[in-house]
Amino acid sequence: MIPVTSRQIFLAKYLQITILSIIGPICFSIAFGILFGLGIADCLMIFAVSALCTNFLNFLQIILDATRPLLNWDNPQRAMKQNINGFFTVIISFGFSGGMIGLGYLLKDILSPAVMNLILLLIGIMGSIFTYKPMINSIDRLMKRDL
């Protein structure tokens, strides 16, 4: 038994995922700024929207990891082969990204880029808000199980 609270486990997992996944929004906003000659405000908006949507996806990943832990490994190679959660996370991330790109393409003549950004911003915020409690609950249930 690890002498830490489920909140501490969440923070460690969340920081690890966030540090790695924030690289994408940083590079993406810088690249768009350079390629399209965007100003600082536009780049910051791209970063904020990307980071919030990434945060929502990170919460989904933590829920998946907490509800489907694969902890009965006898060697590191088997651990990597059996942990299909990473595959599911990739499917969720690509599905979300592809869905948002497709939706943006379909609505490009109907909605302005500012409205599309606002919609994505709201999806990131609302998704994070609505998945936070289930994520904490799934971590609590994992910690209460007899692993």
**Student:** Which atom names give the shortest non-hydrogen contact between Ile23 and Ile19, and what distance separates them?
**Tutor:** CG1-O, 3.8 Å

**Student:** With rounding to the nearest 0.5 Å, note down the distance linking CD1 in Ile22 to CG in Leu15.
**Tutor:**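 So the CD1 of Ile22 and the CG of Leu15 are separated by 11.5 Å.
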
**Student:** When the ring planes of Phe59 and Phe10 are compared, do they come out parallel, tilted or perpendicular, using 30° and 60° as the limits?
**Tutor:**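 Because their plane-to-plane angle is over 60°, the rings of Phe59 and Phe10 count as perpendicular.
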
**Student:** Heavy-atom distance under 4.5 Å between the side chains of Asn58 and Lys13, does that happen here?
**Tutor:**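 No. Closest side-chain heavy atoms not under 4.5 Å.
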
**Student:** So, taking the atom named CG in Leu142 and the one named CD1 in Ile62, what distance separates them when rounded to the nearest 0.5 Å?
**Tutor:**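 If we round to the nearest 0.5 Å, Leu142:CG and Ile62:CD1 are 12.0 Å apart.
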
**Student:** Considering all heavy atoms of both residues, which atom of Ile63 and which atom of Thr131 are nearest to each other, and what is their separation?
**Tutor:**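 That would be CD1-O, 3.7 Å.
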
**Student:** Below 4.5 Å, heavy atoms only, C-beta onward: do Asp140 and Ile136 meet side chain to side chain?
**Tutor:** yes

**Student:** Quick one: side chains of residues 35-55, donor-acceptor pairs under 3.5 Å with protein atoms, not counting sequence neighbours, listed by atom name and distance.
**Tutor:**
{"unit_1": "Ser50", "atom_1": "OG", "unit_2": "Ile46", "atom_2": "O", "d": "2.8"}
{"unit_1": "Thr54", "atom_1": "OG1", "unit_2": "Ser50", "atom_2": "O", "d": "2.7"}
{"unit_1": "Asn55", "atom_1": "OD1", "unit_2": "Tyr14", "atom_2": "OH", "d": "2.4"}
{"unit_1": "Asn55", "atom_1": "ND2", "unit_2": "Ser128", "atom_2": "OG", "d": "2.9"}

**Student:** Side-chain heavy atoms under 4.5 Å apart, restricted to Ile/Leu/Val/Met/Phe/Trp/Tyr: what other residues fall into the cluster of Val90, or is it alone?
**Tutor:** Phe94

**Student:** For the hydrophobic clusters of this structure (ILVMFWY residues joined by side-chain heavy atoms under 4.5 Å, transitively), does one cluster hold both Leu57 and Tyr132?
**Tutor:**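 No, it is not one cluster - the side chains of Leu57 and Tyr132 are not joined through contacts under 4.5 Å.
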
**Student:** Working note: Gln61 + Ile92, criterion side chain to side chain contact (heavy atoms under 4.5 Å, CB included); need CA distance, chi angles, decisive distance, verdict.
**Tutor:** CA-CA 9 Å; Gln61 179 182 350; Ile92 291 169; over 6 Å; no

**Student:** Same cluster for Leu103 and Phe96 if Ile/Leu/Val/Met/Phe/Trp/Tyr side chains link at under 4.5 Å?
**Tutor:**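 Linked within one cluster.
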
**Student:** Treat each ILVMFWY residue as a node, draw an edge where side-chain heavy atoms are under 4.5 Å apart, and state whether Phe28 and Leu120 are in one component.
**Tutor:** no

**Student:** Considering all heavy atoms of both residues, which atom of Met116 and which atom of Lys108 are nearest to each other, and what is their separation?
**Tutor:** CE-CA, 3.3 Å

**Student:** Under the side chain to side chain contact (heavy atoms under 4.5 Å, CB included) rule, what do Phe56 and Phe130 come out as? Steps first, then yes or no, please.
**Tutor:** CA-CA 9 Å; Phe56 168 50; Phe130 286 123; over 6 Å; no

**Student:** With hydrophobic residues grouped by side-chain heavy-atom distances under 4.5 Å, do Leu121 and Ile129 end up in a single group?
**Tutor:**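 Leu121 clusters together with Ile129.
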
**Student:** Hey, could you give me the CG/CG distance between Asn117 and Leu122, rounded to the nearest 0.5 Å?
**Tutor:**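 Those atoms lie 11.0 Å apart.
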
**Student:** In the single-linkage hydrophobic clustering (I, L, V, M, F, W, Y; side-chain heavy atoms under 4.5 Å), do Ile110 and Ile119 co-cluster?
**Tutor:** yes

**Student:** Rounded to the nearest 0.5 Å, what separates atom OG1 in Thr89 from atom CG in Asp65?
**Tutor:**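 Separation between the atoms: 6.0 Å.
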
